[in-house]
Amino acid sequence: MTPRILVFAGSIRSGSLNARLAAVMAKELALLGADVSLVSLADYPMPLYDGDLEEERGLPENADKLARQITGHDAVFIASPEHNAGIPALLKNALDWTSRIGPPYAPRGSIYARRAFAIGAASPGMAGGQRGLIALRQVLELGLGAIVLPEQVLLERATKGFDEAGELRDLRHQGLTRLVARRLVEFISGEGLAKRS
Ligand SMILES: Cc1cc2nc3c(=O)[nH]c(=O)nc-3n(C[C@H](O)[C@H](O)[C@H](O)COP(=O)(O)O)c2cc1C
């Protein structure tokens, strides 16, 4: 069966480095034969999570829509900026809202449970957003029960990392992106993972 993979970035900034990384990853996955959906969180605006709001109005429609995207694919790749050594609020908010689908505080029952993820980051800095990915990994694995590939993409000095066509300039960056794409496709052909519904 053709693997279906959802790809998005944790930034909606115009010119986002992580949106560019997401686009490169989408291309690499497609070259490996995956059916890829590249989406933007800009198309799923949600209010800041607030328990009173949830109590009064339930989940925002866009949380449901994004959750359907996630469950409609075999795996997800997230390219996320590092904000103050952590996860950007935009992405954390989307994860928090969508985590409220299904039994509350029950990672094994959440839409994320045993779903395969790969992650990457692009940063103008020297560390490539590594600390942000540690935080993202913690949320996905410990908080949500997802399975996150050990291999991850880190693009340091990413401001100069892409050419005019949006391709990666650095051979090491290219190799890393290809490796993670390949591992993700291989991984979801394995057993015991959440399949799309
Ligand atoms: C609030 C804030 C905090 C940031 N903290 C970090 C950081 O801890 N480490 C880092 O490498 N870059 C940090 N940055 C810089 C981002 O990596 C940079 O703005 C990057 O381009 C954001 O990703 P994007 O281009 O996909 O929007 C921060 C930026 C903002 C706005």
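Each ligand, and each atom within it, is numbered from 1 in the order the structure gives.
- The stretch residues 154-163 participates, sequence neighbours left out, in these salt bridge (Lys or Arg N to Asp or Glu O under 4.0 Å) pairs: Glu156-Arg172.
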Checklist entry - After noting the C-alpha distance and the side-chain angles of Leu38 and Phe8, does the key distance pass the side-chain contact (heavy atoms from CB on, under 4.5 Å) rule? => result CA-CA 6 Å; Leu38 178 62; Phe8 65 88; 5.9 Å; no
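- When heavy-atom distances to ligand 1 are checked against 4.0 Å, the residues falling inside are Ser11, Arg13, Ser16, Leu17, Asn18, Pro81, Glu82, His83, Asn84, Ala85, Ser123, Pro124, Arg131, ordered by chain and number.
- Leu48 and Trp97 get closest at one heavy-atom pair: C-NE1, 3.9 Å.
- Two residues are said to be in side-chain contact when any heavy atoms from C-beta on lie closer than 4.5 Å; Phe187 and Ile147 meet this criterion.
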Sequence neighbours excluded and cut-off under 3.5 Å, please list the side-chain donor-acceptor pairs for residues 16-24, or say none.
from	atom 1	to	atom 2	distance (Å)
Ser16	OG	Ser11	OG	3.4
Ser16	OG	Asn18	N	3.1
Ser16	OG	Ala19	N	2.8
Asn18	OD1	Ala122	N	2.8
Asn18	ND2	Ala122	O	3.1
Arg20	NH2	Gly15	O	3.0

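- Residues in residues 145-184 take part in no ring-ring contact (aromatic ring centres under 6.0 Å, His included) pair, two or more places apart or across chains.
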